[in-house]
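Down below is the structure, laid out as structure tokens.
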Amino acid sequence: MELTDAMSTLRAVRRLRPDPIPDGVLGRLLQAATWAPSGGNAQAWRIIVVKDPRTKKALADLYRPAWDDYIAQGRAIRTPGQSEETQDAAKKMIKAGHYLAAHMHEAPVLLVCCFDPRRMAFTDAGQDRPSVTGGASLYPAVQNLMLACVEEGIGCTLTTLHCRSEPEVKRLLGIPEEWGTSALIPLGYPVGGGHGPITRAPVAEMACAERFGEPWAPAQG
């Protein structure tokens with residue numbers, strides 16, 4: 001598969017079949033993650049592959065109330081000015097999210113991504129806002145893995161709500177005290193169509209020329 005095809009069809013697939021994923025496929029997904037860049041090439045992350053039904057249920061039990069609270073707060077709900085198409089897409093996303101929360105334990109594999117902050121550079125730590133730059137050493141590996149999922153026909157979605165119960169997750173999985181968690185990724189063969197066409201804002205809206213707010217456009221001629 002061409003890389004551009006994978007990038008332009010990577011969907012959040014939340015409806016997954018319980019059918020097992022061969023270790024050969026899992027190995028290729030994990031290999032793709034290891035190819036990702038990280039600050040100083042430290043690779044200060046690890047991925048825990050969870051297949052045990054009891055552990056998956058325990059993780060799902062921690063995730064579910066966080067999802068319910070997220071929705072109760074009105075997150076991801078329609079806002080004034082949204083088009084009808086956008087509102088419909090949000091409703092479908094929420095419905096799929098409810099499904100995932102109720103059935104996460106049925107996914108054949110749950111990946112828990114964790115990291116060691118002692119080996120990472122948080123170059124924006126002194127700013128008067130939440131620090132985000134540490135993610136530059138973590139999420140490229142997640143993206144690599146998810147792009148590989150497209151090629152392998154594996155459904156996946158990046159979730160982080162488990163972080164609200166991180167101490168419990170760490171105890172469950174034996175994650176060292178000094179480490180944190182960055183993602184919980186359910187994997188499985190899709191119930192429906194899986195990955196496919198996506199809807200995103202145009203380049204002119206997302207990229208700026210020279211100064212913030214000045215739309216970028218390709219040179220003419």
So do the side chains of [X] and [Y] get within less than 4.5 Å of each other, counting heavy atoms only?
| X | Y | answer |
| --- | --- | --- |
| Pro108 | Asp19 | no |
| Trp179 | Arg118 | yes |
| Leu30 | Val49 | yes |

What's the spacing between [X] [atom1] and [Y] [atom2] if we round to 0.5 Å?
| X | Y | atom1 | atom2 | value |
| --- | --- | --- | --- | --- |
| Thr34 | Leu29 | OG1 | CG | 11.5 Å |
| Glu166 | Leu172 | CD | CG | 12.5 Å |
| Ile198 | Thr9 | CD1 | OG1 | 7.5 Å |
| Ile94 | Ile71 | CD1 | CD1 | 4.5 Å |
| Asp61 | Ser165 | CG | OG | 10.5 Å |
| Met93 | Leu100 | CE | CG | 11.5 Å |

So which heavy atom on [X] is nearest to which on [Y], and how close?
| X | Y | value |
| --- | --- | --- |
| Ser137 | Ser38 | O-CB, 3.7 Å |
| Ala33 | Trp45 | O-CZ2, 3.4 Å |
| Thr133 | Ala121 | OG1-O, 4.1 Å |
| Gln43 | Arg46 | O-NH1, 3.2 Å |
| Ala102 | His105 | O-CE1, 3.3 Å |
| Pro176 | Lys170 | O-CE, 3.4 Å |

### Task
Would you sort out whether His195 and Cys156 count as a side-chain contact (heavy atoms from CB on, under 4.5 Å), showing the intermediate values?
CA-CA 9 Å; His195 300 290; Cys156 60; 4.1 Å; yes

### Task
Determine the sole option in Leu62, Thr181, Leu59, Leu110 for which the side chain to side chain contact (heavy atoms under 4.5 Å, CB included) test with His162 is passed.
Thr181

### Task
Give a yes or no on whether Arg129 atom CZ has more than 12 heavy-atom contacts from other residues, nucleotides or ligands under 6.0 Å away.
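Yes - once you tally the heavy atoms of other residues, nucleotides and ligands closer than 6.0 Å, there are more than 12.
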
### Over 12 non-hydrogen atoms of neighbours within 6.0 angstrom of CD in Glu178
yes

### Query
Stepwise, does the side-chain contact (heavy atoms from CB on, under 4.5 Å) test hold for Tyr189 with Leu16?
CA-CA 6 Å; Tyr189 292 100; Leu16 306 170; over 6 Å; no

### Task
Only pairs at least two apart or in different chains count here, so list each salt bridge (charged side-chain N to carboxylate O under 4.0 Å, His left out) that has a residue in residues 131-160.
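Applying salt bridge (charged side-chain N to carboxylate O under 4.0 Å, His left out) to every pair that reaches into residues 131-160, excluding sequence neighbours, yields Arg28-Glu152.
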
### Task
Scan residues 133-148 for pairs that pass salt bridge (charged side-chain N to carboxylate O under 4.0 Å, His left out), counting only residues two or more places apart or in two chains.
none

### Query
Hydrophobic cluster mates of Trp216, side-chain heavy atoms under 4.5 angstrom, ILVMFWY only, any path?
Val203

### Query
Which ILVMFWY residues are connected to Tyr99, directly or by a chain of links, through side-chain heavy atoms under 4.5 Å apart?
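Members besides Tyr99, by chain and number: Val191.
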
### Message
Under 4.5 Å between side-chain heavy atoms, counting indirect links through other Ile/Leu/Val/Met/Phe/Trp/Tyr residues: same cluster for Val50 and Leu184 or not?
### Response
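Yes, it is one cluster - the side chains of Val50 and Leu184 are joined through contacts under 4.5 Å.
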
### Task
Say whether Ile185 and Val13 are linked into one hydrophobic cluster, either directly or through other cluster members, by side-chain heavy-atom distances under 4.5 angstrom.
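No, no single cluster joins them.
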
### Query
Can you check whether Gly194's main-chain N or O pairs, donor with acceptor, with Arg11's side chain at less than 3.5 Å?
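Yes; at least one donor-acceptor contact below 3.5 Å.
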
### Task
Output yes when Asp68 and Arg64 qualify as a salt bridge under the 4.0 Å nitrogen-oxygen rule, no when they do not.
no

### Task
Any chance you could lay out the side-chain contact (heavy atoms from CB on, under 4.5 Å) test for Ile48 and Ile175, step after step, and finish with the verdict?
CA-CA 9 Å; Ile48 302 173; Ile175 298 171; 3.8 Å; yes

### Query
For Lys51 and Asp23, what are the C-alpha separation, side-chain angles and deciding distance, and is it a side-chain contact (heavy atoms from CB on, under 4.5 Å)?
CA-CA 11 Å; Lys51 294 184 180 181; Asp23 279 351; 2.6 Å; yes

### Query
By salt bridge (Lys or Arg N to Asp or Glu O under 4.0 Å), which residues pair with Lys95, not counting sequence neighbours?
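Partners of Lys95 by the salt bridge (Lys or Arg N to Asp or Glu O under 4.0 Å) criterion come out as none, since no residue qualifies.
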
Contacts under 3.5 angstrom, residues 138-145 side chains, donor-acceptor by atom type, not counting sequence neighbours:
residue: Tyr139; atom: OH; partner: Ser182; partner atom: O; Å: 2.9
residue: Asn144; atom: ND2; partner: Ala32; partner atom: O; Å: 2.9

